[in-house]
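Lettering follows sequence order; numbering is per chain, from 1.
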Amino acid sequence: MKRLRGRTAITLLLTAALAAGLVLFCVRLVAHGGEWVGFFGTTYYDAGALYDANGVLLYDGETGSYAEDQATRMATLHLVGDRNFGTSLRSVLSSRLSGYNPITGTTLGSHDVMLTIDSALNRTALEALGGSRGVVAVYNYVTGDVKCLVSSPTYDPNDPPADVNENPAYEGVYLNRFFSGTYPPGSTFKLVTTAAAIEKKGDLDNFRFTCTGSTQIGDGVVTCPYAHGADMTIDQCLACSCNGAYAVLALELGANELDKYMKEAGLQDSLTVDGLHTARGSFDKAEAGSVWLGWSGVGQYNDLVNPCTLLTFMGGIANRGVAVTPELVGREAISGTQIPAALSGGPDTFNIYSSSTCDRLKAMMRNNVVSSYGQEQFGDLPVCAKSGTAEVGGGQQPHAWFAGFVDDPNHPLAFVVLVENGGWGSQTAGGVAAKVLAQAAAG
Amino acid sequence: MGELFTRIKVVFTELWADIQSAIANADPGEKVLSVLDAILPVLCGVLRVLAVIVAITVIARCITSLYREKTGREIWGWLTTSDGERLNLHHWENALGRGRWADVALQTPTVSRTHAALLRDHKGNWKLQPLQTKNGTRLNGKLVVHTIPVKTGDVIDLGGVPLEFYAISEEEEREQAMRWGVAERPLSPGRTLAYLMIFQIMMCIQCLPGREGPDMAMIAISFAILAAAMWGMYALYRSLKRTAFEAETIAFFLCTVSFSITAAYSPDSLLRQTICMLMGLVIFFVLSVLLRDLRATVSLRWPVAVLTCLLLIFNVVLGQRLFGAKNWIDLGFISFQPSEFVKIAFIFTGAATLDRLFARRNLLFTVLFCGFCMGCLALMSDFGTALIFFVALLVIAFLRSGDLGFLALMGTAAAAGGWLVLQFKPYIANRFAAWRHVWDFYNESGGYQQTRTMSAIASGGLFGKGTEDAFLKNLGAANTDLVFGVISEEFGLILALCSVFVLLVLAVYAVSRTVNARSSYYVIAANAAAAMLIFQASLNVLGAVDILPLTGVTLPFVSVGGSSMIACWGLLAFIKAADTRPNASFTLRLPKRIRGWIPPDNDAIYGGRYDDGYDYDNFDEYDDYEPYDEYDSYDGYDPGDDDVREWQPRNTRRQDTQVWRRDDPAGGRPETRWQDDDPGALWPQDGESDWEHTIPFRSDNGRKGGNRS
C-alpha cells in the first residue's frame, strides 16, 4: 500500500496541470480580455456609439448604423471603419464602446465615445481634395486634439460601390493613409536638412548658393525646375525649395547627420494614437559624396515619411521643440451621463529639436508663406509652412505635400495635406490646406 | 472607478424612473407586474453576486470538512517481533519486506524486499501470501508456498524473523471506529446543504426572466427535484449512519450549475437532465454497495469486460444502421452514449487488489481491454473520449506497475497511433492547425468556437451578465463543449472557476485518502476515476479557451447531456469508496455494534454539548441509543463503559487527545506515545507504570468556542 502512495503523484500531476492551465488562462484573460470582447468578428457587444466633437452621431453600435448624412459618412469612414477595415477607431475602441472592464466585463452596458473630430471640417476637407487620393489632417498642437482627419479615396459605408475591389480608383481604400501610409516626403524633408544645418553648420548665415537649374553632385546631377537665382541665403533657398542648395548641404552634413535629425524629429518612430499605430518613416543612408546622398537631403531617393508623424513634427516646431501626440478620443459617457475623466498629466509629448532651432525653422517657414506661397490665400492666419513635390516615378504626377502650422496662440493648429499625384505642392495641397484652415480657425 | 460609479448612478436613476412610471400605472395588478419587471434585472444582478458568495461558502465548508483534521490511521492488527516491538498493520492489504515501500518494514538481510503480503477481507479473515520463494516464509514452523489463512497467535517467520500475528478483535474494531467517529467528525453536512439549497434557489430565480409560464414551471420543478434528491440522499446517509457528505455535496453543486445552464438554454432539456441525474444516483448507490465486497467485485471483472466489449462491438457494427450514429444508442424514449459507461467498466476492471500487483504480466488484461475500447472509440470517431481512456490507462498502469519505462513505451505507441489518425482523418489535423492561433481563424471552423468562448468569458466579467442576454449558449454544442464559457458569460468567471476548482478538490481528496485506504483496489479505482474527471475537465475547459486543442468532450457533471451525468456519478462512487473515515462511505461496512451510534457533527459541539439532544457529559444517556440499534440485539456492550470514558475526554478535539509519555532513564529525549497510535488494548497497561499520562496542548480555557455553559 505504501508503494501505491508514491505513485498517486501521477494523479496530482494531472491535477496540477489543470490548475496551471486555469492560471495561464486567467493571466491571458486579464491581459487580453479587452481585445477578446472587441474582436472584429463579434457582433455581440459592439453596442456603443461614436460621436464627433459637436455631438454628431458617426456610428451607432446598437443599430449598426452610420451618420445620417452621406457626406459625413464618407468623410469619417476611415475613422469609424466598417467590416472591411483591418483597423479603425471602432475596432480599437470596441472594448471601450462595449464598456468592458476586467471586473464586470461588458455587463454594465455600453459607452458612448465622443471624438475630437469636427465632422463638418472633415466634409470640407474631403470636398477640397476633390476626389483625389490623399490625406488632410489638422490638430491642435497644444492639446493634441485632432480636428480634422480625412483619408481619400473613400466610399459610403451604407452603399459600398460594387467595384470597390477592382476599380483602381479605390486602390488602398481600406487603409487610413494618415496612419498606415508612408510616402516620399519631397521637399518637406528640407526642414530636417535645414535643422541639421542650423545646428551642425556654424556659418549657416554666410551660406550662399547660386542655382543654375542643375547642380553637379558627385557623378550625377541634381536638378531644379528652373534656375532659382544667384547668391541665395538659406532662407531663400528654403522658400524657393532649391534642390541644388539642399543637395550640397546634404553632402556637407553626411548621411548619418540627416538620419539622426530625421530620427530626432520623430519621423522614424511609430506613434500610437488611441490604440492606432502609425507606420514608420525611413531613411536610407546613401554613399557619401554620391548624388543619391544629395537627393536624400531633398526628400527623394528612398526617404519615406508617414503623414501622422509629419503632422506631429510640425506641431513640435510650432511648440518650440515639444511635440504633442495627437488624440482622437475626447469624452466617454454612459447613457448620456459623462464619465469623470481619470486624472492624467496632460497629453503625451516628446522633444524634438532645441527651441532655438525650432524658432529659426518657424521664421523660415513663415518666410516661405510670405515670400513664396502667398499669404493672401490664408487670410489673417499667420501660417508657417513647407510645401513638397515628391517625385514618384513611373511617369506619374508627383505627390503634392503641404505641411505646417498656424503660429497663433488663439489658433494653435498644425496641418498636413497630401494629394497623391497632385502635382505642384504649394498650389494643389496648399489650396486644400487654406480652405480647411480657414474653417477650422473660424469654428 | 469613475466608470463604475457612473454606471451605478445610471442604473439606479433608470430603475427609479421605471418604478415611478410603474407606480403611475392605474391598474393595481399591472402595477405590481411592471414594478417586478423593473426590479427583476437589477435583482438578478444582485443575486449573481450573492450566489457566488454562497457558492464559495459551500465549497469552503466542503474543503474544511475534508481537511480539517489530520487523518488518523486505522489499525487492523499487528505483528510482534521477538524483542517485543510492535509493527502495526494499517491496511487490509499489507506488504511485508525489507524494501522502502513495504508497509511493514523489517531491516534484516535475510528478508526479501517484497517478502509476503498479509491480506484481510471484509469479514475480518486474514491470509498470508508469500510473494517470493528464495527466503522462505513459514507459518507456525511450516513452509508456506500458497496463500493460507492466519489467525491471532500464529507465528509468521519471514526469512528467519519470527513475528507473532495479532488481528484486532471485533470489540477493538468497534472501539477504533467509535474513537474516530468522534475525532473525525465532518463539518455539519446539513448546514452545508442548506447553503447549497440557497444557492440553488438563487440560480433558479436567475433562470426565470424572459421565460413563459410553462417553462418557468419546468425550471422550478426541476430545481425542486434536484433539492429533494439532495436532501433525500442525505437522509438516506443519516439513516445508514453515514455523515460525511462532502464529495456528494460537490457533485450536487456541479449538478446545480448544470441545471442552471440547461434552464437558460432550453428548459425542455431539463427533464432529461433531471432523470439522468436520478439514474446517476442509482448507479452511485449500486456501485458503492458492489464495491463493499472486493472478492465479488474482482470476480465480476471478466463478465463486465465481456459485456462492455459486446456493447461496443454492437454499437460499432450496428449503431450507424439502427440509430444513425455510431456512438449513440437510441432506445426511442432515451438515448445514451455507450462510451460514457465504458469509462465505469474500464475502472471497474482496471483496478486491482494488492495480490494482483505482484503477479506477473498483471497489466496485460487491462492494456488489451483498454486498447480494444480505444479502437472502438476511434472507429466511432470519438477521439476525445479515446484520449481520456488512454490517460486513465496510464494512471492505472503506473499505479499498478510503478514502471516509468512502461509509461514511456505506451506514450510512444500512442503518439504513433495519433500520427496514424491524423493521416487518415485530416479534419482532426485542422483543429491542430488553428490551435494557439484561433484569432487568425475566427470565422473558420478551427477557431470559431474558441474565439466566441473567450470573447464571452471576457464579456461576462467576474459575475456574469445573466441568462437572458447571453449569446454563447446559442452556438452549436456550446452547452457541452464550451460550457466553461457559457457559465462564465451567464454567471461569471468566479463561478466557472469554482466549477472546475471543486473537481480539483475531488482529485486531491481521492489522492489524500490513499494513506489510509484498506485495499489497493480502492486506491487505484479512486485515482483512475479522479484522473478521468480531471483530464476530461482539462480537455473541455482548456480546449475551449485555446490552451489545448478543442476535442469536444464534456465537463464532468456540468455539461448538458445525460450519459455524461450518469457516468460521472458512477466515477464518484469509486472516489468515495476510498474514503476510510468512519461513517463516510457505505462502501465500508461499519463494525456491527457501532451501527446504532451516530457520531455527532463537529459543528454541534459547544462546551461539551452536542446540539443533537444528547448530553454527552452524562454517559448514562448513551443507553438511549439502545432502542435504535436496528441490526443486532444488545450484547452487553455499553459505550459508557470505563474504557470509553478513557479515550473520550470531555471535549473531544484532536488537539485534546491524550498522549502518554515517559522519560528516558538514560537521559535522552523523552518518548511520547500518542493515544491514537495504539488502540485500546495496547495502550499503556499495567506493568508500564513509567508512562506518565499527560494532556499535551491546550487546556480547556484555550479552546475555540470556549465553554458556553
Side-chain angles (χ1 to χ4, degrees), chain A residues 1-26 28-30 32-45 95-96 98-109 111 332-343, chain B residues 2-4 6-7 9-11 14 45 90-91 93-95 101-103 354 391 394-395 398-399 402 439 442-443 451 454-466 471 493 497 500 503-504 507-508 510-511 514-515 517 520 523-524 527 530-531 534-535 537-538 541-542 545 547-548:
Chain A
M1 295 300 295
K2 211 177 194 178
R3 190 183 287 270
L4 280 177
R5 215 177 304 151
R7 295 177 189 166
T8 53
I10 191 171
T11 314
L12 289 181
L13 209 65
L14 282 172
T15 312
L18 175 53
L22 284 179
V23 171
L24 174 64
F25 168 70
C26 289
R28 295 182 62 197
L29 176 64
V30 172
H32 302 293
E35 299 160 35
W36 294 352
V37 161
F39 86 104
F40 215 66
T42 183
T43 51
Y44 312 114
Y45 329 103
S95 74
R96 283 164 78 174
S98 59
Y100 173 79
N101 73 58
I103 308 293
T104 58
T106 63
T107 57
L108 296 183
H111 289 192
E332 269 180 73
I334 299 171
S335 303
T337 309
Q338 199 172 318
I339 299 170
L343 292 174
Chain B
E3 186 210 327
L4 192 63
T6 310
R7 170 53 62 180
K9 197 169 112 191
V10 168
V11 164
E14 286 176 358
H90 288 294
H91 309 280
E93 294 167 358
N94 303 278
W101 299 111
D103 298 305
L354 190 72
V391 168
L394 287 187
V395 170
F398 184 65
L399 281 168
W439 293 102
Y442 70 76
N443 265 345
T451 49
M454 288 151 91
S455 190
I457 293 172
S459 81
L462 297 184
F463 301 103
K465 62 161 71 136
F471 76 89
L493 180 69
L497 288 176
V500 185
L503 290 172
L504 301 180
V508 175
V511 170
T514 53
V515 181
S520 64
V523 174
I524 294 172
N527 272 277
I534 289 293
F535 188 67
S538 304
V541 173
L542 303 181
V545 296
I547 288 174
L548 295 176

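With rounding to the nearest 0.5 angstrom, the CD1 atom of A:Ile103 is 8.0 Å from the CZ atom of B:Phe463. Between the CD1 atom in B:Ile534 and the OG1 atom in A:Thr15 there is a gap of 4.5 Å [rounded to 0.5 Å].
Your options are B:Gly402, B:Ala531, B:Ala537, B:Ala507, and the one with the most heavy-atom pairs under 4.5 Å with chain A is B:Gly402. Taking chain A as the reference chain and counting heavy-atom pairs below 4.5 Å, the highest number among B:Ala510, B:Gly460, B:Gly466 is found for B:Gly460.
Only the side chain of B:Val523 comes within contact range of chain A, judged by heavy atoms closer than 4.5 Å. Proximity to chain A is absent for every atom of B:Val11, based on heavy atoms less than 4.5 angstrom apart. There is no contact between B:Leu548 and chain A, counting heavy-atom distances below 4.5 Å. With a 4.5 angstrom heavy-atom cutoff, B:Ala517 touches chain A via backbone and side-chain atoms both. For A:Leu29, the part lying under 4.5 angstrom from a heavy atom of chain B is the side chain only. For B:Phe398, the parts lying near chain A are the backbone and the side chain together; criterion is any non-hydrogen pair under 4.5 Å. With a 4.5 Å cut-off on non-hydrogen atoms, B:Leu503 does not touch chain A at all.
Here the closest heavy-atom approach between residue A:Arg7 and residue B:Leu399 is recorded as NH1-O, 2.6 Å. The two residues B:Ala530 and A:Thr11 come nearest to each other via the heavy atoms CB-CG2, 4.0 Å. The shortest non-hydrogen separation linking B:Leu462 to A:Pro102 is CG-O, 4.2 Å. When all heavy atoms of A:Gly21 and B:Ile547 are compared, the pair lying nearest together is O-CD1, 3.4 Å. Annotation for A:Leu22 and B:Leu542: closest pair N-CD2, 4.0 Å, computed over non-hydrogen atoms. Of all non-hydrogen atoms in B:Ser455 and A:Trp36, the two that sit nearest each other are OG-O, 2.9 Å.
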Verdict with reasoning, A:Thr8 to B:Asn527, per side chain to side chain donor-acceptor pair (under 3.5 Å): CA-CA 7 Å; A:Thr8 53; B:Asn527 272 277; 4.9 Å; no
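Between B:Met454 and A:His32 there is no side-chain heavy-atom pair separated by less than 4.5 Å. Using a 4.5 Å heavy-atom threshold, the side chains of B:Val395 and A:Leu14 count as touching. Counting heavy atoms from C-beta outward, B:Leu497 and A:Phe25 have side chains that stay 4.5 Å or more apart.
Side-chain N or O atoms of A:Thr107 include none that pairs as donor or acceptor with a backbone N or O of B:Lys465 at under 3.5 Å.
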